[in-house]
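Quick note on labels: first sequence line is chain A, next is B, and so on, each numbered from 1. A quick note: this is a predicted structure, and the numbers were derived from the prediction, not measured.
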Amino acid sequence: MKDLLAGLNPSQKEAVTWPPVRPLLILAGAGSGKTRILTHRIAYLIEHGVPAFTILGVTFTNKAAQEMRSRIERLVAQRVWISTFHSTCLRILRQDGPAMELDRNFIIYDEYDQLQVIKECVAELKLDEKKVNPKAVREEISRAKDFLISPEQYLAKAMDLFQDSVGKVYKLYETRMMRLKACDFGDLILKTVVLFDRHPEVLKAWQDRFQHILIDEYQDTNHAQYRLVKLLASARHQITVVGDPDQSIYAWRGADIKNILNFEKDYPDAGAIRMEQNYRSTPVILEAANHLIRNNQMRRPKALWTEQKGGAKIDLYNAEDESAEAKYVVGNVMKYKGQGRTFADQVIFYRVHAQSRVMEEELMRANIPYKIVGGTRFYDRKEIKDVIAYLRVVAYPHDEVSLKRVINVPTRGIGKKALETLQAAAQGRTWDEVLQGLSTVEGLTPKVQKSLSSFYAWITKLRNKQCEMTVHEILERVLEDTGYVTALEAERTPEAQARLENIEEFYSVIEDFNETADQRLEIVEDGAESAPAEMAQSPLAAFLDSIELVTNLDAWDQGTNVLTLMTLHTAKGLEFPIVYMVGLEEGIFPHVNSFAGPSEEIEEERRLCYVGMTRAREKIHLSYATTRRMYGATHQNLPSRFLTEIPAGLCDARATFSRGSYRDEDDDQDSVSRSVCDADPDPDPIIEFDDDPPAPDRSRDRYSR
DNA sequence: ACGGAGGATGTTTTT
DNA sequence: CATCCTCCGT
């Protein structure tokens with residue numbers, strides 16, 4: 001026990017040792033050691049007689065979950081159920097979904113799959129895709145689910161024609177998803193809440209299972225997640241939540257900051273502990289971040305502090321255009337490299353993925369190894385989606401979306417006409433049933449008939465054998481029998497080559513899955529383990545589950561010596577010695593879309609900026625470009641308002657690199673700075689730095705169009 | 001049925 | 001700028 005408390009400050013100690021039977025709110029500022037506190041608290045509970053299998057830990061990403069799990073294992077050599085809301089709900093539904101007529105073998109539909117279903121619904125309702133944009137509908141439906149709003153409730157509240165259409169699509173979408181035995185991401189949470197609401201006995205069982213609940217990043221929970229937590233915790237009130245309202249960056253996704261602000265109302269016997277001492281960054285960085293975030297009106301005052309002294313000033317650079325900005329970053333990356341820092345010590349944050357491309361070009365030119373986290377996810381690539389669709393067709397006969405995707409890939413003579421005929425023949429039945437009774441379908445040419453029936457026979461054979469085969473073997477069969485690989489090889493283009501490599505890579509995803517099989521064993525009682533409900537399915541179905549909820553961050557390994565690029569959203573929870581934040585321009589960051597809405601949206605952008613800055617341990621580089629080409633058009637953006645909100649005294653606006661050269665120019669600082677000034681006839685920054693942040697109305701005047 | 005060309009379209013952030 | 005979609009020639 002002494003180990004667990006060693007080196008903790010008083011408030012950290014209080015948080016770790018807070019009575020397990022009382023609710024606890026930990027308001028943990030950035031870099032205040034919140035992961036450490038959570039893991040130590042869980043370890044502390046276990047050391048004080050709480051059985052490990054009665055603890056539930058919820059994190060924001062799978063990566064964080066994995067990290068926390070292994071830290072706890074190191075502390076107390078016990079395995080604890082730590083995962084995301086989505087993975088947790090998936091397990092609950094796999095086990096108890098049948099109680100509410102949810103097929104145990106439901107399939108998870110991602111955004112792409114959702115969109116396919118929505119498009120069909122829009123078409124069936126004879127709505128105009130131009131007016132009822134499927135992607136917009138998807139957003140609306142997802143948001144409705146975040147707030148536990150049913151189609152009927154949505155329709156009742158529809159204010160205009162668009163919402164009315166959305167409501168109708170939503171309704172049809174739900175019946176369709178039911179028939180497809182499919183759940184989208186929102187369903188995982190929503191259906192679990194419904195399950196608990198309707199079946200007290202099921203809820204009771206899970207309350208007994210999860211007697212102690214700890215939630216990380218509580219400021220970013222949405223209403224559905226809030227209800228879920230409340231249901232689970234209602235029996236015992238043994239709940240600990242950790243969060244930081246200043247780091248709430250997912251309101252656009254339904255996150256409700258009130259969840260954390262009202263925690264003490266929800267649990268009147270709750271204690272609250274604030275942790276504002278920062279162990280990560282220099283005072284310069286913290287002061288800048290504190291100043292920035294003070295501009296948010298709707299916020300409780302808070303300021304991070306540190307015992308550290310000194311620290312390098314924030315480097316601010318005004319680039320001519322986006323490629324000059326990239327050169328600035330690359331120049332500095334090499335400078336630090338020359339000083340003995342690694343590439344992995346440094347990270348580039350941007351607001352939108354589209355900004356990564358210029359950076360990439362410059363990094364390639366300089367031969368700097370880099371890794372982009374996010375962007376087009378590995379699993380979003382066409383070939384990977386194809387391959388997964390094949391696997392899903394084998395595992396889930398009811399997965400029509402996947403079937404439609406691969407039925408003619410590679411081409412086997414099934415064209416538009418044939419698909420229409422099948423659709424017409426379906427009449428509410430699934431395509432699987434249609435294919436079963438293929439001979440009765442009228443209007444297909446003999447050639448198509450033959451092609452379809454041999455395709456279906458092949459699928460059926462694979463389905464029947466899937467339990468005796470490894471996932472690897474099934475994939476091999478698919479790729480060989482369909483001629484998918486052969487077709488790509490025949491193309492003989494670099495693109496096809498890249499696709500083949502990605503498919504090779506997919507094999508290693510399967511290997512990873514096999515190697516980590518023991519980690520998915522469920523902890524049923526002290527020491528005992530058993531395969532969880534979803535493992536009772538075929539290995540293939542279990543594998544598909546495991547890849548469905550992974551995020552782009554999960555595959556990222558901070559250890560390897562490469563420079564990392566990512567969006568600010570992905571950056572949450574991470575830390576780096578040296579941070580570059582690029583594109584600090586009005587319209588980019590804060591993003592244009594935040595201008596029109598209520599001021600909360602700008603405040604969320606500001607929190608995002610705050611999150612980015614507080615990732616840095618030693619040094620921040622901020623940059624903006626005077627002109628920027630994006631989405632094919634050139635824009636002239638004003639410097640970001642956030643730059644004016646950082647005190648000038650903390651910034652060094654002179655660039656310390658040499659243009660057009662990636663060499664370490666360290667012993668040549670003076671001439672380097674001069675060369676930059678020479679190139680810039682007007683060395684005065686465009687932005688005026690005030691020691692006091694500008695009044696909000698003034699800054700709005702200045703930047704609004 | 002298929003594949004290419006060309007046009008329209010929409011572009012934030014993600015579990 | 002890139003993706004999706006449609007239309008047209010084969």
Side-chain angles (χ1 to χ4, degrees), chain A residues 58-65 83-90 108-112 114-116 119 129-130 133-136 138-139 142-143 145-146 183-190 216-217 220-222 224-225 248-255 322 349-358 373-377 379-380 382 408-420 444-445 447-448 451 491 548-554 566-572 583 587-597 601 604-605 607-609 611-612 628-635:
Chain A
V58 180
T59 58
F60 200 68
T61 62
N62 290 302
K63 188 166 181 79
S83 65
T84 61
F85 274 110
H86 294 268
S87 311
T88 303
C89 289
L90 175 61
I108 304 163
Y109 272 3
D110 67 10
E111 293 184 314
Y112 167 87
Q114 265 184 293
L115 198 62
Q116 309 310 309
K119 279 180 183 168
E129 268 206 22
K130 302 245 162 53
N133 178 297
K135 280 187 181 158
R138 180 180 61 190
E139 281 313 298
S142 301
R143 218 57 346 104
K145 290 187 175 182
D146 288 342
C183 287
D184 58 34
F185 288 160
D187 283 334
L188 293 177
I189 316 288
L190 179 142
D216 195 8
E217 308 279 12
D220 277 325
T221 50
N222 64 32
Q225 291 163 339
S248 156
I249 53 175
Y250 286 99
W252 55 272
R253 210 175 75 184
E322 74 281 359
F349 294 148
Y350 35 74
R351 177 68 238 267
V352 297
H353 285 301
Q355 289 171 264
S356 68
R357 173 164 284 223
V358 213
V373 181
T376 313
R377 274 164 73 228
Y379 295 101
D380 288 340
K382 183 184 176 299
N408 199 32
V409 177
T411 51
R412 47 175 76 85
I414 321 289
K416 203 168 143 238
K417 192 81 190 300
L419 295 180
E420 275 167 15
L444 292 172
T445 65
K447 214 173 120 198
V448 169
S451 176
E491 276 189 42
E548 211 51 67
L549 294 176
V550 302
T551 67
N552 35 53
L553 186 64
D554 296 332
M566 63 176 83
T567 65
L568 285 149
H569 280 88
T570 351
K572 190 164 79 161
I588 302 281
F589 192 23
H591 194 270
V592 244
N593 294 7
S594 66
F595 295 165
E601 292 189 26
E604 179 149 311
E605 297 282 307
R607 289 193 292 269
L608 193 56
C609 189
V611 166
R628 174 180 301 271
R629 267 186 84 77
M630 243 184 141
Y631 304 125
T634 307
H635 298 274

Under 4.0 Å protein heavy-atom contact, by nucleotide of nucleotides 6-13 of chain B - B base, S sugar-phosphate only: ---S-BBB

Specify the separation, in whole Å, of atom CZ of Arg138(A) and atom P of dT15(B). 14 Å

Nearest-Å distance for atom pair CD/P, residues Glu111(A) and dT15(B): 10 Å

Using whole Å, report how far CD1 of Ile108(A) lies from P of dT14(B). 20 Å

Please confirm whether the shortest side-chain N or O distance from Arg357(A) to OP1 or OP2 of dA2(C) is below 4.0 Å. yes

Relative to the 5' end of DNA chain B, which residue comes earlier, His86(A) or Lys417(A), by the nucleotide with the nearest heavy atom? Lys417(A)

For Gln225(A) and dT14(B), give me the distance from atom CD to atom P, rounded to whole Å. 16 Å

If the threshold is 4.0 Å, N to carboxylate O, is there a salt bridge linking Glu604(A) and Arg607(A)? yes

How close or far is atom C1' of dA1(B) from atom NZ of Lys416(A), stated in whole angstroms? 11 Å

Donor-acceptor pair, Ser142(A) side chain versus Arg138(A) backbone, under 3.5 Å? yes

Could you check Asp220(A) against Lys572(A) for salt bridge (Lys or Arg N to Asp or Glu O under 4.0 Å), going step by step and ending with a plain yes or no? CA-CA 11 Å; Asp220(A) 277 325; Lys572(A) 190 164 79 161; 2.4 Å; yes

If I take atom OH in residue Tyr379(A) and atom C1' in nucleotide dT15(B), what distance separates them, rounded to the nearest angstrom? 15 Å

Using a cut-off of 4.0 Å on non-hydrogen atoms, how would the nucleic acid contact of Lys119(A) be classed: base, sugar-phosphate, or nothing? sugar-phosphate

Taking only residues two or more places apart in sequence or in another chain, which ones pass ring-ring contact (aromatic ring centres under 6.0 Å, His included) with His569(A)? Tyr250(A), Trp252(A)

Among the candidates dC1(C), dC2(B), dT14(B), find the nucleotide nearest to the side-chain atoms of Arg629(A). dC1(C)

Look at atom CZ of Arg412(A) and say whether more than 12 heavy atoms of other residues, nucleotides or ligands are closer to it than 6.0 Å. yes

Could you give the distance separating dT13(B) and dC4(C) at their P atoms, to the nearest angstrom? 15 Å

Sidechain-backbone polar pair: Glu605(A) side chain, Glu601(A) backbone, donor-acceptor under 3.5 Å: no

Rounded to whole Å, please give me the gap between CG in Asp146(A) and C1' in dT14(B). 11 Å

Mind checking if Ile414(A) touches a base, just sugar-phosphate, or nothing, with heavy atoms under 4.0 Å? sugar-phosphate

Please state how far atom CD in Gln114(A) lies from atom C1' in dT15(B), giving the value in whole angstrom units. 12 Å

Tell me what Ala418(A) touches on the nucleic acid: a base, only sugar-phosphate, or nothing, going by heavy atoms under 4.0 Å. sugar-phosphate

Considering residues at least two apart in sequence or located in another chain, which fulfil the salt bridge (Lys or Arg N to Asp or Glu O under 4.0 Å) criterion with Lys135(A)? none

